[in-house]
J.: 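To start, I am sharing the structure in question, which I have written as structure tokens.
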Amino acid sequence: MLPSDPARAAAYRKTVERVREADPATAGAELDRLATEVRRSIVRTIDRAGMGHIGGDLSVTDILVSCFYGALSVDPERPRWAGRDRFVLSKGHCAAALYATLAQCGFFAPAELETFMAPLSALNGHPNRLKVPGVETNTGALGHGLPVATGCALAARIDGASWRTFVVLGDGELQEGSNWEAAMAAAHHGLASLTAVVDRNRLQQGARTEETNALGALGDKWRSFGWEVREVDGHDHLALRQALNGPRTGRPVAVIANTIKGKGVSFMEDRVEWHHKVPSPEQVEAALAELAR
């Protein structure tokens, strides 16, 4: 298991306190800044590795930053603290985005990002709970993150614990039936401590989701399974924070976060080929220049 970075962990705790106490405009500006730092880290990490899923990494970044800085109760220096909120990245192929976020929070040193995808590195192409602090379960995206998160929320219910469970899913993986079995079970048990966030970028490997296996009116689907649904701009940190922390109605919450694949880099945005295309050195330079503005 990678060790934490105490200095960054301390800075993370101060930033979380500052963001959560700030007025909306100030908080939004700070979260925007943090997300830009994560995006720049993602580009560098994938460039060094020569592998990755950069389009989805960039679309999910604002969701991850809003979760870790605006909603989750976690401690990077105590990643297995019993009272922590549980966070599951079901779309595990976007591990670079999760690793960049965890490193920024101090779960491990940012220098470890230089080993991404290297032989024997803890930072595999898909997150490993035995190697990386902050990772609750190994994931695909294969449709099993929501079932695991449902089990976590049910365990909290049985234990009488107050911690919450958050899971981030790709929209393409919602074509897997196991998600809907879990959604049905979560609603049946009234797991109000469970929040599922869908990174709705409308693209998956090779094509658009609606061309591959149409998801249709996704919010209506979740409602029909008994969930409370909140649809937001997935790049609006204030809207995400409100959706993640809003009042509960006794039902699990599904946040449909409408995003853009490749967000932040103009030539990658909404382009299916950037699902797992690696940028050239010239494209890396251009991407970092855009993200510096």
Side-chain angles (χ1 to χ4, degrees), residues 53 55-57 59-60 63-64 67 85-95 97-98 124-129 135-158 164-232 234 243-244 248-259 261 272 275-276:
H53 293 82
D57 286 321
S59 75
V60 79
I63 296 170
L64 295 178
C67 283
D85 288 338
R86 271 54 169 181
F87 177 84
V88 176
L89 180 68
S90 188
K91 51 177 294 180
H93 62 294
C94 289
L98 177 61
N124 299 332
H126 293 254
N128 187 325
R129 66 177 296 274
V135 174
E136 295 289 347
T137 188
N138 301 22
T139 51
L142 298 170
H144 61 275
L146 181 58
V148 170
T150 298
C152 290
L154 190 56
R157 160 83 57 82
I158 292 170
R164 300 173 295 169
T165 304
F166 296 81
V167 55
V168 174
L169 307 107
D171 49 3
E173 72 173 317
L174 290 178
Q175 294 157 354
E176 298 276 358
S178 54
N179 285 298
W180 302 107
E181 295 176 36
M184 181 168 56
H188 173 76
H189 290 287
L191 299 180
S193 66
L194 174 62
T195 299
V197 186
V198 180
D199 181 12
R200 183 66 165 125
N201 62 35
R202 294 174 171 78
L203 288 170
Q204 61 191 102
Q205 181 171 315
R208 296 193 173 274
T209 56
E210 306 313 286
E211 296 171 7
T212 305
N213 194 10
L215 295 167
L218 195 52
D220 290 342
K221 280 187 170 65
W222 285 92
R223 290 186 190 95
S224 73
F225 275 77
W227 287 56
E228 178 183 345
V229 175
R230 301 168 182 171
E231 300 195 43
V232 300
L244 293 168
R248 300 291 173 141
T249 60
R251 294 178 290 166
V253 173
V255 178
I256 311 299
N258 293 295
T259 62
K261 199 152 192 166
V272 69
H275 180 79
H276 50 50

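Computed from a predicted model, the values in this text were never measured in an experiment.
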J.: Once side-chain hydrogen bond (donor to acceptor under 3.5 Å, both in side chains) is applied, what residue pairs with a partner in residues 164-173 remain, sequence neighbours excluded?
T.: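 Counting only pairs at least two positions apart or across chains, the side-chain hydrogen bond (donor to acceptor under 3.5 Å, both in side chains) contacts touching residues 164-173 are Asp85-Arg164, Ser90-Glu173, Asp171-Arg200.
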J.: What is the minimum heavy-atom distance between Leu98 and Phe87, and which atoms define it?
T.: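 Smallest interatomic distance, heavy atoms only, reads CD1-CE2, 4.0 Å.
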J.: I need the His144 NE2 to Leu169 CG distance, nearest 0.5 Å.
T.: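 The NE2 atom of His144 sits 11.0 Å away from the CG atom of Leu169.
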J.: I'd like to know if the side chain of His53 and the backbone of Ala95 have a donor-acceptor N/O pair within less than 3.5 Å.
T.: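 It does not hold such a pair.
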J.: Does a side-chain heavy-atom distance below 4.5 Å link Phe166 with Ile63?
T.: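 Not touching, per the 4.5 Å side-chain cut-off.
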J.: Leu215 and Glu210: side chain to side chain contact (heavy atoms under 4.5 Å, CB included), yes or no, with the steps?
T.: CA-CA 6 Å; Leu215 295 167; Glu210 306 313 286; 3.8 Å; yes
J.: Would you say Arg129's side chain and Glu136's backbone share a donor-acceptor pair under 3.5 angstrom?
T.: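 A pair under 3.5 Å: yes.
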J.: Testing the 3.5 Å rule here: is there a donor-acceptor pair between the side chains of Thr195 and Arg248?
T.: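 Judged by distance alone, the side chains do pair up.
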J.: For residues Val272 and Ala207, report the shortest heavy-atom separation together with the two atoms involved.
T.: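 That closest heavy-atom pairing would be CG2-N, 3.3 Å.
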J.: Please lay out, stage by stage, how Thr209 and Gln175 fare under the test side chain to side chain contact (heavy atoms under 4.5 Å, CB included).
T.: CA-CA 9 Å; Thr209 56; Gln175 294 157 354; 4.3 Å; yes
J.: Once you round to the nearest 0.5 Å, how far does CG of Asn201 lie from CZ of Arg208?
T.: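 So the gap between those two atoms works out to 9.5 Å.
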J.: Which is it for Leu191 and Leu154 under the side chain to side chain contact (heavy atoms under 4.5 Å, CB included) test, yes or no, and what are the steps along the way?
T.: CA-CA 7 Å; Leu191 299 180; Leu154 190 56; 4.1 Å; yes
J.: Can you tell me how far CD of Gln204 sits from NZ of Lys261, rounded to the nearest 0.5 angstrom?
T.: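 Answer rounded to 0.5 Å: 8.0 Å.
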J.: Classify the ring geometry of His126 against His93: parallel below 30°, tilted from 30° to 60°, perpendicular beyond 60°.
T.: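 Geometry flag for His93 against His126: tilted rings.
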J.: Output the distance between atom CG (Leu146) and atom OG1 (Thr139), rounded to the nearest 0.5 Å.
T.: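 It comes to 12.5 Å.
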J.: Determine the minimum heavy-atom distance between Trp227 and Ala183, stating which atoms define it.
T.: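 Taking every non-hydrogen atom into account, NE1-O, 2.8 Å.
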J.: Is there side-chain contact between Leu64 and Leu89, with heavy atoms separated by less than 4.5 Å?
T.: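 With C-beta onward as the side chain, the pair touches.
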J.: Over all heavy atoms of both residues, which pair between Ala97 and Asp57 is shortest? Give the atoms and the distance, please.
T.: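 Shortest heavy-atom contact: N-OD1, 3.2 Å.
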J.: Answer yes or no: is there a donor N or O on one side and an acceptor on the other, between the side chain of Ser178 and the main chain of Gly143, under 3.5 Å?
T.: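 It does hold such a pair.
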J.: Start with the C-alpha distance between His275 and Leu203, add both sets of side-chain angles, then the distance that settles side chain to side chain contact (heavy atoms under 4.5 Å, CB included), and finish with yes or no.
T.: CA-CA 8 Å; His275 180 79; Leu203 288 170; over 6 Å; no
J.: Between Ala257 and Val197, which heavy-atom pair has the shortest distance, and what is it?
T.: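 Here Ala257 and Val197 meet closest at CB-CG1, 4.1 Å.
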J.: Could you give the distance from CG (Asp199) to OG1 (Thr259), rounded to the nearest 0.5 Å?
T.: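 One gets 3.5 Å once the value is rounded to the nearest 0.5 Å.
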J.: Quick check: closest heavy atoms across Cys94 and Gly56, and the distance to 0.1 Å?
T.: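 Heavy atoms only, the tightest pair is SG-C, 3.4 Å.
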J.: Within the structure provided, determine whether Val229 and Leu218 are in side-chain contact (heavy-atom separation under 4.5 Å).
T.: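 When only atoms from C-beta onward are counted, Leu218 and Val229 do not touch, as no gap falls below 4.5 Å.
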J.: Would you call the rings of Trp180 and Phe225 parallel, tilted or perpendicular if under 30° counts as parallel and over 60° as perpendicular?
T.: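 Correct class here is tilted.
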